[in-house]
2 protein chains.
Amino acid sequence: MEKIDRKILRLLADDGRMSYTDLGKATGLSTSAVHQRVKRLEERGLITGYGASIDHAQAGRPLTAFISITPFDPAAPDDYPDRLADVEEIESCWSVAGDESYILKVRVATPADLEALLARVRTMANVSTRTTIVLSTAYENRPIG
Amino acid sequence: MEKIDRKILRLLADDGRMSYTDLGKATGLSTSAVHQRVKRLEERGLITGYGASIDHAQAGRPLTAFISITPFDPAAPDDYPDRLADVEEIESCWSVAGDESYILKVRVATPADLEALLARVRTMANVSTRTTIVLSTAYENRPIG
DNA sequence: CTTGAAAACGTACGGAA
DNA sequence: TTCCGTACGTTTTCAAG
């Protein structure tokens, strides 16, 4: 991939609403040229979508936590993401190599909600859990060069 | 906060480029009414920004990892986020309550890059590290209702 | 919240380097 | 190919009611 495309990705990661006009000025291309490049980046799947960043604390979910899960039954099928997909408190789900099998990132309103969520996760997925509470977020989802 | 604002947040989290026209149709408001609401949500800091989601694997950083860090000196000042802010491989930095003090989420191209990054983090911050490699991302930064 | 009007933007297409 | 200019419809934006 090319230098200008990288720059476009960086700019759009930083401000997904930047106009093609401004993208053009920033890259030294015409509006239509950047437009074509962005469309191509979308088609090739390099840009997977656009989203707004929400202040979840202000939006009613001030408590963030990581839940690491370990299956009770080592022979159990690895379909945790599917089984947990409907749990809206779960923001992210990674399969990992390490002490545990999966890591979930969750957002809830109160400790009581976290407790209830943990109970749900444990019974839905038949796993043991280890929870790490987030005290503060220094930065999150920074655009990466 | 109100039901319609919640809906707007959800829609924009899902598609940060949705037009005010479409937001209006989805919420039953006029274009300018949603426009005003969105601007107010931005001013109040509920919407902190807009971004494009990048396929980092395709963009040259296929390897994601979590690095948990523990200070060697328990009396050391808690300025790790600042000290590490210039390290572009670090996408997120959380202060946590648990076995460790901070969790970093990083993206690199190769295991060798991860090795070099770990060395940098250890010396820059005078910490010990525990690394968890991400095998696959089931979902990440899902919009939360 | 609505209307309304001007400016800016997205988008498609033909042609040039 | 990739890029540029033009042209048209749509969207954004900002008053004022």
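Proteins come first, then strands; the chains are lettered A, B, ... in the order of their sequence lines, and each starts at number 1. Worth saying up front: this structure is predicted, and the values here are computed from it rather than measured.
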Quickly work out the [X] [atom1] to [N] [atom2] distance and round it to whole Å.
X: A:Tyr50; N: C:dG10; atom1: OH; atom2: P; value: 10 Å
X: B:Met18; N: D:dT11; atom1: CE; atom2: P; value: 13 Å
X: A:Gln36; N: C:dT11; atom1: CD; atom2: P; value: 13 Å
X: B:Leu12; N: D:dT12; atom1: CG; atom2: P; value: 11 Å
X: B:Asp22; N: C:dC9; atom1: CG; atom2: P; value: 19 Å
X: A:Tyr20; N: D:dT11; atom1: OH; atom2: C1'; value: 13 Å
X: B:Lys25; N: D:dT11; atom1: NZ; atom2: P; value: 7 Å
X: A:Lys3; N: D:dT2; atom1: NZ; atom2: P; value: 18 Å

**Request:** Under 4.5 Å between side-chain heavy atoms, chaining through other members, with only Ile, Leu, Val, Met, Phe, Trp and Tyr counted: pull out the rest of the cluster around A:Val127, sorted by chain and number.
**Result:**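 A:Leu63, A:Ile67, A:Ile69, A:Tyr80, A:Leu84, A:Val87, A:Ile90, A:Tyr102, A:Leu104, A:Val106, A:Val108, A:Leu114, A:Leu117, A:Leu118, A:Val121, A:Met124, A:Ile133, B:Tyr139, listed by chain and number.
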**Message:** Checking contacts here: which listed nucleotide (C:dT11, D:dT12, C:dC1) is nearest the side-chain heavy atoms of B:Ala33?
**Reply:**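 Closest nucleotide among those given: C:dC1.
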**Request:** Just compare D:dT12, C:dT2, D:dC3 and give me whichever is closest to any side-chain atom of B:Ser30.
**Result:** C:dT2
**Asked** OP1 or OP2 of C:dT11 less than 4.0 angstrom from a side-chain nitrogen or oxygen of A:His35, does that happen here?
**Response** yes
**Asked** Would you say C:dT11 has OP1 or OP2 under 4.0 Å from some side-chain N or O of A:Lys39?
**Response**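 It does, given that an N or O in the side chain of A:Lys39 lies less than 4.0 Å from OP1 or OP2 of C:dT11.
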**Message:** So B:Ser19, base contact, sugar-phosphate only, or nothing? Heavy-atom distance under 4.0 Å.
**Reply:**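 Here B:Ser19 touches the backbone only, sparing every base.
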**Request:** Would you classify B:Arg37 as touching base, sugar-phosphate or nothing, given that sugar-phosphate means primed atoms plus P, OP1 and OP2, and contacts are heavy atoms under 4.0 Å?
**Result:**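 Answer is sugar-phosphate: B:Arg37 comes under 4.0 Å of backbone atoms only.
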**Asked** Pick the nucleotide of DNA chain D nearest each of A:Val34 and A:Arg17; which residue has the one closer to the 5' end?
**Response**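 Its nearest nucleotide lies further toward 5', so the answer is A:Val34.
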Test: [X] and [Y] ion pair at under 4.0 Å:
X: A:Glu140; Y: A:Lys105; result: yes
X: A:Arg61; Y: A:Asp113; result: no
X: A:Arg122; Y: A:Glu115; result: no

**Message:** Can you give me the dot-bracket string for DNA chain D, 5' to 3', counting Watson-Crick and G-U wobble pairs with both distances under 3.5 Å, using [ ] for crossing pairs and | for partners on another strand?
**Reply:** |||||||||||||||||
**Asked** Hey, does the side-chain of A:Ser32 have a donor or acceptor N/O within less than 3.5 Å of a partner on the base of D:dG5?
**Response** yes
**Message:** Please say yes or no: joined through hydrophobic side-chain contacts below 4.5 Å, possibly via intermediate residues, are B:Leu46 and B:Val34 part of one cluster?
**Reply:** yes
**Item:** In one Ile/Leu/Val/Met/Phe/Trp/Tyr side-chain cluster, 4.5 Å: A:Ile144, A:Ile8
**Value:**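 Result: no, two separate clusters.
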**Request:** Check salt bridge (charged side-chain N to carboxylate O under 4.0 Å, His left out) between B:Asp14 and all other residues, then give those that pass, not counting sequence neighbours.
**Result:** none
